[in-house]
K.L.:
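The structure under discussion is supplied below as structure tokens; questions concerning it will follow.
Remember, predicted model here, so these are calculated numbers, not experimental data. The residues of the chain are indexed from 1 along the displayed sequence.
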Amino acid sequence: MKLTVVGCTGSMSGPRSAASSYLVQADGIDPETGKMRTWNVVMDLGPGSFGALWNHIDAANLDAVLFSHLHADHIGDVISLQVHRRWYPTGPLSPLLLGGPSGLLDRVREIDGYPTDDTYELEFKAVEMRELEPLTIGPLTITPYAANHTVEGFGYRVEGPSEEDPNKRVVLAYTGDTDTCDSIQQMANGVQLLLSESGFTAADTTRGIHLTGARAAQIAKNGGVGTLVLTHIQPWTDPQVVLDEASEVWDGPTFAAHAGATYTL
């Protein structure tokens with residue numbers, strides 16, 4: 001299983017990266033053909049990320065897009081995805097699995113300006129994600145965990161085959177936007193890689209919105225995480241500040257995400 005950072009800037013696109021978007025890939029059997037292929041699942045599709053995705057895969061080969069929550073900085077480029085699938089040069093692409101919190105298609109219409117009677121049935125197959133109800137996509141099992149944010153949201157725990165030994169299962173977790181809570185801690189426990197938002201620093205005192213580097217590191221420490229990757233860092237924040245805050249809590253392997261970074265499990 002491989003994770004690629006498509007976009008990682010917090011709350012908006014930035015000068016060095018698109019907004020939040022993460023590509024998870026794993027090889028597995030396609031039940032329609034009986035052949036092995038690479039499955040492509042994207043978590044979040046913030047502003048600027050759909051174009052950046054093309055640097056990594058042919059966007060026509062997506063198998064699913066899952067949204068952690070429906071704030072614009074995590075879903076805004078769904079409009080580019082919709083246009084790509086409806087107006088593809090050789091004809092509409094088959095409906096793509098689109099998963100997220102309740103009201104997903106209504107939120108797409110709000111951004112897109114489409115009438116309420118447009119079902120998007122040519123482009124999307126909408127799935128409402130529910131806490132602790134796993135979704136299987138090819139060789140990947142993706143389980144939502146409730147986040148502590150200003151709107152309904154999830155973190156995702158993703159289990160898939162090891163790159164070294166396909167018979168072995170490995171696990172990563174992505175927090176989405178969240179502050180500390182029991183469910184996100186449960187999601188992170190024992191994972192090989194925790195992709196954690198760190199939208200705030202110690203200078204930000206408001207709670208119930210974002211993690212800091214220190215709070216993300218505490219989750220990693222409590223959960224026995226293998227590697228911590230800090231993301232959703234604001235474009236005005238020096239990533240080293242967030243890394244330094246994390247290092248005061250946990251001495252495990254810690255990195256700041258950057259566009260194009262890859263992690264193999």
Side-chain angles (χ1 to χ4, degrees), residues 1-5 7-11 17 20-22 24 43-44 66 68-69 74 131-132 134 140-150 153-160 162-164 168-234 237-258 261-265:
M1 185 164 63
K2 185 172 83 168
L3 170 70
T4 299
V5 177
C8 58
T9 300
S11 302
S17 175
S20 295
S21 186
Y22 309 95
V24 179
M43 299 184 296
D44 286 339
L66 304 181
S68 61
H69 64 293
H74 290 254
E131 186 177 15
L132 300 181
L140 301 172
T141 301
I142 303 168
T143 305
Y145 288 75
N148 177 12
H149 196 45
T150 56
F154 300 110
Y156 290 119
R157 185 177 172 111
V158 185
E159 180 181 336
S162 165
E163 289 289 305
E164 292 183 354
K168 178 183 175 183
R169 302 290 281 180
V170 291
V171 188
L172 66 83
Y174 166 50
T175 65
D177 282 7
T178 187
D179 202 347
T180 306
C181 61
D182 290 343
S183 54
I184 291 298
Q185 181 64 66
Q186 181 185 0
M187 177 194 72
N189 289 343
V191 302
Q192 280 77 46
L193 186 148
L194 175 62
L195 178 65
S196 176
E197 74 109 310
S198 298
F200 280 172
T201 69
D204 299 292
T205 58
T206 303
R207 296 303 302 262
I209 303 177
H210 291 300
L211 294 167
T212 63
R215 294 202 289 269
Q218 190 66 57
I219 293 172
K221 182 178 181 179
N222 293 347
V225 166
T227 297
L228 175 63
V229 179
L230 300 172
T231 191
H232 200 272
I233 298 171
Q234 310 294 352
T237 299
D238 182 349
Q240 191 60 49
V241 172
V242 181
L243 289 169
D244 289 345
E245 290 182 5
S247 69
E248 294 177 2
V249 176
W250 189 57
D251 60 2
T254 306
F255 303 92
H258 62 87
T262 60
Y263 303 89
T264 300
L265 284 73

K.L.:
Closer than 3.5 angstrom, by distance alone: can the side chain of Glu245 be matched with the main-chain N or O of Ala202 as a donor-acceptor pair?
P.N.:
yes

K.L.:
Could you please spell out the steps behind the side chain to side chain contact (heavy atoms under 4.5 Å, CB included) verdict for Met43 and Ile142?
P.N.:
CA-CA 11 Å; Met43 299 184 296; Ile142 303 168; 5.6 Å; no

K.L.:
State, to 0.1 Å, how close Gly155 and Ala147 come at their nearest heavy-atom pair, and which atoms those are.
P.N.:
N-CB, 4.4 Å

K.L.:
Is any side-chain heavy atom of Asp179 closer than 4.5 Å to one of Leu211?
P.N.:
yes

K.L.:
Look up atom CG in Asp177 and atom CZ in Phe154, then write down how far apart they are to the nearest 0.5 Å.
P.N.:
14.0 Å

K.L.:
Show the numbers, then the answer: is there a side chain to side chain donor-acceptor pair (under 3.5 Å) between Gln186 and Asp182?
P.N.:
CA-CA 6 Å; Gln186 181 185 0; Asp182 290 343; over 6 Å; no

K.L.:
Just wondering, do Thr212 and Thr201 contact through their side chains at under 4.5 Å, heavy atoms?
P.N.:
no

K.L.:
How many angstroms lie between atom CD1 of Ile233 and atom CD of Gln240, to the nearest 0.5 angstrom?
P.N.:
10.0 Å

K.L.:
If the plane angle is over 60° it's perpendicular, under 30° parallel, otherwise tilted; pick one for Tyr22 and Tyr174.
P.N.:
tilted

K.L.:
If every non-hydrogen atom of Val191 is compared with every non-hydrogen atom of Ala173, which pair is closest and at what distance?
P.N.:
CG1-CB, 4.0 Å

K.L.:
Take atom CD of Glu164 as the centre, draw a 6.0 Å sphere, and report whether it contains more than 12 heavy atoms from other residues, nucleotides or ligands.
P.N.:
no

K.L.:
Using a 3.5 Å distance criterion without hydrogens, assess whether the side chain of Asn148 forms a donor-acceptor pair with backbone atoms of Thr180.
P.N.:
yes

K.L.:
Are the side chain of Arg157 and the backbone of Asn189 linked by a donor-acceptor contact shorter than 3.5 Å?
P.N.:
yes

K.L.:
Could you report the tightest heavy-atom contact between Thr254 and Gly252, atom names first, then the distance?
P.N.:
OG1-O, 3.0 Å

K.L.:
Looking at side-chain heavy atoms only, is the closest gap between Arg215 and Val249 below 4.5 Å?
P.N.:
no

K.L.:
Without swapping roles, check the side chain of Glu163 against the backbone of Leu265 for a donor-acceptor pair under 3.5 Å.
P.N.:
no

K.L.:
Which pair of non-hydrogen atoms, one from Ser17 and one from Gly7, has the smallest distance, and what is that distance?
P.N.:
OG-CA, 3.4 Å

K.L.:
Angle class for the His74/His232 ring planes (parallel below 30°, perpendicular above 60°, tilted otherwise)?
P.N.:
parallel

K.L.:
Between Leu140 and Glu159, is any pair of side-chain heavy atoms under 4.5 Å apart?
P.N.:
no

K.L.:
When you measure from the side chain of Ser162 to the backbone N and O of Lys168, does any donor-acceptor pair fall under 3.5 Å?
P.N.:
no

K.L.:
Stepwise, does the side chain to side chain contact (heavy atoms under 4.5 Å, CB included) test hold for Leu132 with Tyr145?
P.N.:
CA-CA 6 Å; Leu132 300 181; Tyr145 288 75; 3.4 Å; yes

K.L.:
In Å, rounded to the nearest 0.5 Å, how long is the span from CG of Leu243 to OG of Ser198?
P.N.:
8.5 Å

K.L.:
Hey, does Tyr263 have a side-chain heavy atom less than 4.5 Å from the side chain of Val5?
P.N.:
yes

K.L.:
Is the shortest side-chain heavy-atom distance between Ile219 and Thr175 below 4.5 Å?
P.N.:
no

K.L.:
Nearest 0.5 Å, what's the OG1-NE2 distance between Thr150 and His69?
P.N.:
6.5 Å

K.L.:
Restricting to non-hydrogen atoms, name the atom on Gly226 and the atom on Trp250 that form the minimum distance, rounded to 0.1 Å.
P.N.:
O-CH2, 3.9 Å

K.L.:
Nearest 0.5 Å, please: how far is OG1 in Thr264 from CD in Gln192?
P.N.:
13.0 Å

K.L.:
Is the shortest heavy-atom distance from the side chain of Leu228 to the side chain of Leu194 under 4.5 Å?
P.N.:
yes

K.L.:
Nearest 0.5 Å please: distance from the NE2 atom of His210 over to the OG atom of Ser11.
P.N.:
4.5 Å

K.L.:
Does Val229 reach the side chain of Leu193, with side-chain heavy atoms less than 4.5 Å apart?
P.N.:
yes

K.L.:
What pair of heavy atoms forms the shortest contact from Leu230 to Ala246, and how long is it?
P.N.:
CD1-CB, 4.0 Å

